[in-house]
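Written below as structure tokens is the structure these notes are about.
Residue numbers count from 1 along this sequence.
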Amino acid sequence: MDIHRILIADGSEVFREELQERLQGFTLTQTCGDGAQTLELLRSFCPDLLVLDLMLPGMDGISLLQAARSAGIETKVLATTRFCSEYVLEAAQRLGVCYIMPKPCDLRALVSRIEDLLCRNHRNLFVQPDLQLQVTNMLQALGVPPKLSGYVQLREAIIL
């Protein structure tokens with residue numbers, strides 16, 4: 001098996017470390033926590049795959065992808081995000097994102113998608129995340145408890 005180069009760009013140090021640990025053995029990884037550093041590492045590290053949180057501090061993921069494209073940097077991108085609008089989905093697809101995974105995500109599933117993109121050489125696995133899952137994750141991130149009276153109605157109203 002080839003050793004693949006992966007750059008993990010995420011604002012959460014815990015997430016970066018856990019994913020890097022899971023990828024040990026079949027990848028060479030670098031990690032960073034902000035957009036400017038990610039752009040720098042894209043130039044110097046030349047990864048086969050960028051695992052990119054679209055909500056990075058300093059420079060958001062869409063801006064980072066636009067800057068990378070302008071600089072002639074091309075790599076496969078697996079994006080993660082807590083919230084995803086239609087604009088973000090369209091921009092990500094236009095900028096070459098191969099797959100978007102909603103956060104919080106199961107690390108085993110994330111590693112599986114990484115293997116799909118690297119080892120099976122799929123070019124485009126762009127899948128629009130499930131809207132109900134996105135809304136549920138958004139409500140959870142805002143601290144709205146699922147046991148709240150009217151929670152289901154609120155979730156359905158947001159979806160509409």
Do [X] and [Y] have side chains that get closer than 4.5 Å, going by heavy atoms?
X     : Y     : value
Val77 : Leu95 : no
Gln66 : Ile62 : yes
Leu19 : Ile6  : no

Rounded to the nearest 0.5 Å, how far apart are [atom1] of [X] and [atom2] of [Y]?
X      : Y      : atom1 : atom2 : value
Leu65  : Ser63  : CG    : OG    : 9.0 Å
Gln30  : Thr38  : CD    : OG1   : 11.0 Å
Ser112 : Leu107 : OG    : CG    : 12.0 Å
Ile100 : Gln93  : CD1   : CD    : 8.5 Å
Leu52  : Leu64  : CG    : CG    : 6.0 Å
Leu49  : Leu117 : CG    : CG    : 6.0 Å

Inset, instruction - Please test Thr81 against Val88 for side chain to side chain contact (heavy atoms under 4.5 Å, CB included), starting from the C-alpha separation and ending with a verdict. - result: CA-CA 10 Å; Thr81 187; Val88 171; 5.6 Å; no
Legend entry - Pairs where residues 145-157 contributes a residue and the test salt bridge (charged side-chain N to carboxylate O under 4.0 Å, His left out) is met, not counting sequence neighbours: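 Not a single pair qualifies under salt bridge (charged side-chain N to carboxylate O under 4.0 Å, His left out).
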Inset, instruction - Scan for salt bridge (charged side-chain N to carboxylate O under 4.0 Å, His left out) pairs involving residues 91-110, sequence neighbours excluded, and state none if there are none. - result: Asp10-Lys103, Asp53-Lys103, Asp106-Arg108
Contact summary for [X] and [Y], nearest pair of heavy atoms:
X      : Y      : value
Pro57  : Gly11  : CD-CA, 4.1 Å
Leu39  : Ala67  : CD2-CB, 3.8 Å
Thr75  : Pro47  : OG1-O, 2.7 Å
Arg43  : Cys46  : O-SG, 3.5 Å
Arg82  : Pro104 : NH1-CD, 3.6 Å
Cys105 : Phe15  : SG-CE1, 4.2 Å

With sequence neighbours excluded, residues passing side-chain contact (heavy atoms from CB on, under 4.5 Å) with [X]:
X     : answer
Gln37 : Cys32, Asp34, Leu41
Glu17 : Glu13
Arg5  : Leu28, Phe45, Asp48

Legend entry - Exceeds 12 heavy-atom contacts within 6.0 angstrom, atom CE of Met55: no
Legend entry - Leu54 reachable from Tyr87 in the ILVMFWY side-chain graph, under 4.5 Å edges: yes
Legend entry - Joint hydrophobic cluster, Leu142 plus Leu148, side-chain heavy atoms closer than 4.5 Å: yes
Legend entry - Donor-acceptor contact present, side-chain Thr29 to main-chain Gln20, <3.5 Å: no
Inset, instruction - For side chain to side chain contact (heavy atoms under 4.5 Å, CB included), just list the numbers for Leu78 and Leu110, CA-CA rounded to whole Å, side-chain angles, deciding distance to a tenth of an Å, and then say yes or no. - result: CA-CA 9 Å; Leu78 185 157; Leu110 181 58; 3.4 Å; yes
Inset, instruction - Please identify each residue that fulfils side-chain hydrogen bond (donor to acceptor under 3.5 Å, both in side chains) with Ser12, with sequence neighbours left out. - result: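 Not a single residue meets the side-chain hydrogen bond (donor to acceptor under 3.5 Å, both in side chains) criterion with Ser12.
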